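What follows is a single structure, written as structure tokens, with notes after it.
Side chains included, hydrogens not; waters and symmetry mates left out as well; all remaining heavy atoms used. Here the structure is a predicted model, which is why all the values come from computation and not from measurement.
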Amino acid sequence: MRALLVIFSALGVAFLIMSFVRGWQIRKAVKSGLPAETVNNNYILGAFVGLVVFAIGVFWLELDSAAPNTTYVPAKIKNGTITRGGFEQRAD
């Protein structure tokens, strides 16, 4: 689920940046007397920002991942208290 959030946030940020840059370019064109229709979308900047957000998201997802040689031990109830679960190193 978190991976989908990273992908969708990267796409959302890319579209937001492209629309912001387009609006800024239209305002700049109107101030200089050019027609607003001459302004093109800046897809390269949007793609770059989307890739940066995606890379940061992937890095964030991998920060709290377990090593490949670990085993998950679930939480247990002992004497009415919950003991914490976690990852333990396997002895290969």
For this session: Please answer: with hydrophobic residues joined when any side-chain heavy atoms are less than 4.5 Å apart, are W60 and L11 in the same cluster?
Result: yes
For this session: Group every Ile, Leu, Val, Met, Phe, Trp and Tyr by side-chain heavy-atom contacts under 4.5 Å, then state whether F48 and I56 land in the same group.
Result: yes
For this session: Compare every heavy atom of I82 with every heavy atom of A75, then report the nearest pair and how far apart it is.
Result: CB-CG2, 4.3 Å
Exercise. Can you name the nearest heavy-atom pair linking A10 to G50, along with the distance?
Worked result: CB-O, 3.4 Å
For this session: Please say whether more than 12 non-hydrogen atoms of neighbouring residues, nucleotides or ligands are located less than 6.0 Å from OH in Y72.
Result: yes
For this session: Heavy atoms only: give me the nearest T70-F87 pair and the separation to one decimal.
Result: OG1-CD2, 3.9 Å
Problem set entry | Distance-minimising heavy-atom pair for A29 and S32 | O-OG, 3.0 Å
Exercise. Same cluster or not: are V53 and F20 linked, directly or through other Ile, Leu, Val, Met, Phe, Trp or Tyr residues, by side-chain heavy atoms under 4.5 angstrom apart?
Worked result: yes
Exercise. Got more than 12 heavy atoms from elsewhere within 6.0 Å of CD1, I77?
Worked result: no
For this session: Give a yes or no on whether I17 and L51 share a hydrophobic cluster (residues Ile, Leu, Val, Met, Phe, Trp, Tyr; joining criterion: side-chain heavy atoms under 4.5 Å apart).
Result: no
